[in-house]
K.L.:
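The structure's right below; bear with me while I get my questions together.
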Amino acid sequence: ELQAAAKEKEEVEKKHAEQLKELDSKLAEVSKADETASKVFQGLDEQAKKAEKESSETLSKAEKVAQEAISKAKKETEEAVAKAEKVAADIIAKANKERDAA
């Protein structure tokens, strides 16, 4: 009876050892999966930051180009107005001169 109990105890301990080995193996798998997921999330975070930076840079460039276009259009408009005013002043002066001469 004592031998049977000892043998049963030995079998239980062997079974427990196998179960612990399986748990260790599963824990290693979970740890590896967690590490992989962590790397994936880190990569996604880096990509998101890069995309945000590039978007911000693109927006800044677009704003600069738009500002330059506005400035150029404003300058060209001012030049066109100045030319039109000069042409109008010349026409008025010529008309006044012709009127005075007549």
Side-chain angles (χ1 to χ4, degrees):
E1 200 175 299
L2 199 58
Q3 277 185 330
K7 188 172 183 177
E8 189 178 326
K9 180 184 174 193
E10 189 179 307
E11 287 177 14
V12 169
E13 287 175 350
K14 186 178 179 183
K15 188 175 180 182
H16 284 168
E18 288 175 9
Q19 288 175 340
L20 283 174
K21 202 182 271 187
E22 285 180 36
L23 287 174
D24 281 346
S25 175
K26 288 181 180 179
L27 180 62
E29 288 177 26
V30 169
S31 292
K32 188 173 182 180
D34 184 53
E35 185 180 321
T36 301
S38 179
K39 287 179 182 176
V40 167
F41 284 121
Q42 183 180 359
L44 290 173
D45 189 46
E46 288 171 4
Q47 287 179 348
K49 286 178 183 175
K50 182 180 177 186
E52 185 179 345
K53 181 181 177 193
E54 289 173 353
S55 176
S56 178
E57 289 172 354
T58 301
L59 182 60
S60 292
K61 287 177 186 175
E63 288 173 344
K64 184 179 178 187
V65 167
Q67 192 60 45
E68 289 172 355
I70 290 169
S71 295
K72 182 178 179 184
K74 184 177 178 182
K75 181 181 176 189
E76 289 174 356
T77 300
E78 289 171 353
E79 289 173 355
V81 168
K83 284 180 185 176
E85 287 174 346
K86 185 179 184 319
V87 168
D90 289 347
I91 291 171
I92 291 170
K94 184 177 179 184
N96 287 339
K97 193 174 188 182
E98 288 176 358
R99 186 193 61 200
D100 291 344

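FYI, side chains are in, hydrogens and waters are out, and symmetry mates aren't considered; it's all heavy atoms of this structure. The first residue of the sequence shown is numbered 1, and numbering continues consecutively from there.
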K.L.:
Can you confirm whether Gln3 sits close enough to Lys7 that some side-chain heavy atom of one is under 4.5 Å from a side-chain heavy atom of the other?
P.N.:
no
K.L.:
Please, which pairs that meet side chain to side chain donor-acceptor pair (under 3.5 Å) have at least one residue in residues 52-67, sequence neighbours excluded?
P.N.:
none
K.L.:
How long is the gap from NZ on Lys49 to CD on Gln47, to the nearest 0.5 Å?
P.N.:
12.5 Å
K.L.:
Atom CD of Glu10 and atom NZ of Lys14: how far apart are they, to the nearest 0.5 Å?
P.N.:
8.0 Å
K.L.:
Working to the nearest 0.5 Å, report the span between CG of Leu23 and NZ of Lys21.
P.N.:
12.5 Å
K.L.:
Do other residues, nucleotides or ligands put more than 12 heavy atoms under 6.0 Å from the CD atom of Glu68?
P.N.:
yes
K.L.:
Enumerate the residue pairs fulfilling side chain to side chain donor-acceptor pair (under 3.5 Å) with a member in residues 24-38, sequence neighbours excluded, ordered by first and then second residue.
P.N.:
Glu35-Lys39
K.L.:
What side chain to side chain donor-acceptor pair (under 3.5 Å) pairs are there with at least one residue in residues 69-91, not counting sequence neighbours?
P.N.:
Lys86-Asp90
